[in-house]
Asks: 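Structure provided below as structure tokens; questions to follow.
Quantities reported herein were computed from a predicted structural model and do not represent experimental measurements.
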Amino acid sequence: GPAKIEALGRELRCICHSFSQSSPPDGVRAELVYAGAGRATDYAGLAVRGKIVLLDGIANPAASLEASKRGAAGQLHISPHEYLHEMCISPVWGSPHDEQLDRLPKTVVVTTAKEDGDKLKAALAQGAVTVTLFAQVDTGWRKTPILIADLPGADTDKYVLLSGHYDSWYLGAMDNGGANATMLEVARLCAEQRGLWQRGLKLAFWSGHSQGRYSSSTWWADQFYEEIRANCVVHVNVDSTGGLGNTVVADTTAAAELQELARTVIRERAGQEFSGRRNQRAGDQSFWGIGVTSIYGNMSEQPATAGGANAMAAVFGGGNRAGRGTGWWWHTPHDTYDKLEESILVRDTAIYVSTVWRLLTGPVLPLRYEACAAEISQALAGLRKAAGEKFDLGYLAERASLLEEQCTKLSALAQGLGPGGKADLLNACLVDLSRILVPICFNVAGPYEQDPALGFGPLPGLAPVAAMGALDPDSDAFLHLHVRMMRHRNRVAVALSEANRRAEQALIQLQQA
């Protein structure tokens with residue numbers, strides 16, 4: 001709904017955000033406190049309870065959660081430019097259940113343009129500033145539509161899931177109209193030679209993505225959990241294809257086991273070298289707890305330029321990357337048809353066609369779990385170095401190394417196989433490995449819960465081990481953390497043991513077949 005800011009003797013242009021609290025009729029009036037980007041470290045030495053925090057950057061779930069925890073009365077975000085970007089700021093993935101209500105935003109959250117934000121900063125440098133925030137936000141339960149299209153293939157219930165959202169902010173020509181067109185074209189072209197499919201294709205068009213924090217895909221995961229676990233082999237996500245000037249595809253994302261596929265297709269279809277970025281906790285990646293591996297999300301980006309990080313990069317990070325997110329029009333009324341570029345939409349769609357075609361028709365699924373095992377080994381090496389002798393991860397490293405060896409042998413045996421027979425044995429093993437390994441690589445909360453919409457890296461459950469090296473082993477902080485990390489270590493240990501047993505079983509079966 002509508003929003004406004006009263007400050008500096010006038011009204012400032014602004015928008016409020018999905019899952020913001022609504023203000024009382026007379027607004028929320030409080031002293032303004034500048035807190036940088038709103039990270040935990042930015043609050044050092046600041047008392048913000050009952051105050052309005054002024055934050056650099058687009059509104060996001062992490063900043064909202066931090067401000068709420070510290071008792072702020074409101075958040076006033078400064079856009080990186082003149083455009084105001086719509087955002088969903090709830091860190092709760094999907095519809096919140098009764099034990100997650102305390103994680104929802106507790107403040108009024110608005111965004112103003114850079115020019116007005118800079119003026120507020122300048123005023124703060126001269127002394128105290130008081131602002132009043134007004135916001136109306138309609139947060140509630142509603143039914144939203146989901147469109148599912150099933151195209152069975154061969155004599156199997158197994159399928160590739162091709163998904164993208166079809167709700168948008170405003171017109172949403174790029175986000176996500178371009179992707180909807182891509183999905184339809186992928187299905188149309190692949191269906192022309194459906195007799196060659198080894199497995200089926202399921203298209204899912206989600207609502208509740210932009211405003212509801214991925215509520216539709218999460219509901220679908222909950223509602224059809226067992227069917228998805230039994231039959232979905234890979235999730236291919238499509239978001240914001242064909243954007244004007246989005247020439248870079250090298251920084252799209254894929255799980256480690258699918259990165260060779262991404263590398264091959266991107267080189268063939270775009271002449272670029274895939275950077276190897278892993279999937280992010282974003283988009284409708286609602287199936288990792290179930291154990292479904294995934295490839296892609298946002299496909300194309302603006303090229304990186306010095307000082308040129310745009311709106312989307314401000315949310316998802318720039319770093320040492322060739323791309324810097326989609327264009328400045330992202331999540332604004334300016335995402336209109338002129339923000340689509342035909343040649344780029346064709347190129348992006350060709351990447352998806354080639355990827356999905358290989359997943360549909362390959363006698364053996366192109367899942368290289370030796371790459372996943374190598375990623376686990378690398379993550380464990382970093383954690384072991386950080387923790388020193390304070391936490392034993394050595395036996396996990398041994399199991400990961402064995403898994404890499406066994407999966408390398410599986411991949412070698414896959415070469416040249418035709419449909420049926422050995423290929424079926426190998427595919428069954430690869431799907432089982434997905435169910436075992438994807439949750440420990442991409443999920444903390446466990447198989448039946450969704451993690452928050454916050455960032456993470458490999459082995460996210462064990463990531464806090466890195467802090468143990470700097471803690472006193474006799475301190476409460478260390479001992480509390482030690483309890484939690486033992487449990488996550490057990491989870492990873494069992495998964496690696498089960499994966500090795502399954503890989504060994506498949507090697508024996510393949511040698512005997």
Asks: Kindly say whether G242 contributes a backbone atom to a donor-acceptor pair with the side chain of D348 at under 3.5 angstrom?
Replies: yes
Asks: Is the cationic atom of R281 (NZ for Lys, CZ for Arg) positioned less than 6.0 Å from the six-membered ring centroid of W288 and within 45 degrees of its normal?
Replies: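 No; the conditions do not both hold, so R281 does not lie above the ring face of W288.
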Asks: If you look at every heavy atom in Y337 and L171, which pair is closest and at what distance?
Replies: CE1-CD2, 3.9 Å
Asks: Given the side-chain rings of H334 and Y83, with only the six-membered ring counted for Trp, is the space between their centroids under 6.0 Å?
Replies: yes
Asks: Taking the side chain as everything from C-beta on, heavy atoms only, tell me whether Q75 gets closer than 4.5 Å to V110.
Replies: no
Asks: With a 4.5 Å cut-off on side-chain heavy atoms, are S163 and W206 touching?
Replies: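 A side-chain contact exists here, since the closest heavy-atom pair is under 4.5 Å.
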Asks: Given H235, which partner from the list F287, Y296, F442 fulfils the ring pair (Phe, Tyr, Trp, His ring centres under 6.0 Å) test?
Replies: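 So, applying the ring pair (Phe, Tyr, Trp, His ring centres under 6.0 Å) to H235 and each of F287, Y296, F442, only F287 qualifies.
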Asks: Taking N279 for the side chain and A255 for the main chain, is one N or O donor matched with an acceptor at less than 3.5 Å?
Replies: yes
Asks: With a 4.5 Å heavy-atom cut-off, do I376 and I440 have their side chains touching?
Replies: yes
Asks: Within the side chain of E6, is there an N or O that forms a donor-acceptor pair under 3.5 Å with the backbone of T132?
Replies: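 No.
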Asks: Would R278 pass as a cation-pi partner of F456, given that its NZ or CZ must be under 6.0 Å from the six-membered ring centre and within 45 degrees of the axis?
Replies: no
Asks: Report yes if the distance between the aromatic ring centroids of H85 and W169 is under 6.0 Å, otherwise no.
Replies: no
Asks: Check I344 against S300 and note the closest heavy-atom contact, atom names and distance.
Replies: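 The answer is CG2-OG, 4.3 Å.
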Asks: W330 and D175: side-chain donor and acceptor closer than 3.5 Å?
Replies: yes
Asks: Please check this pair: side chain of R435 against backbone of L430, looking for a donor-acceptor N/O pair closer than 3.5 Å.
Replies: no
Asks: Answer yes or no: is there a donor N or O on one side and an acceptor on the other, between the side chain of H77 and the main chain of G57, under 3.5 Å?
Replies: yes
Asks: Is there side-chain contact between L76 and L55, with heavy atoms separated by less than 4.5 Å?
Replies: no
Asks: Backbone N or O of V160 within a donor-acceptor pair of the R199 side chain at under 3.5 Å?
Replies: no
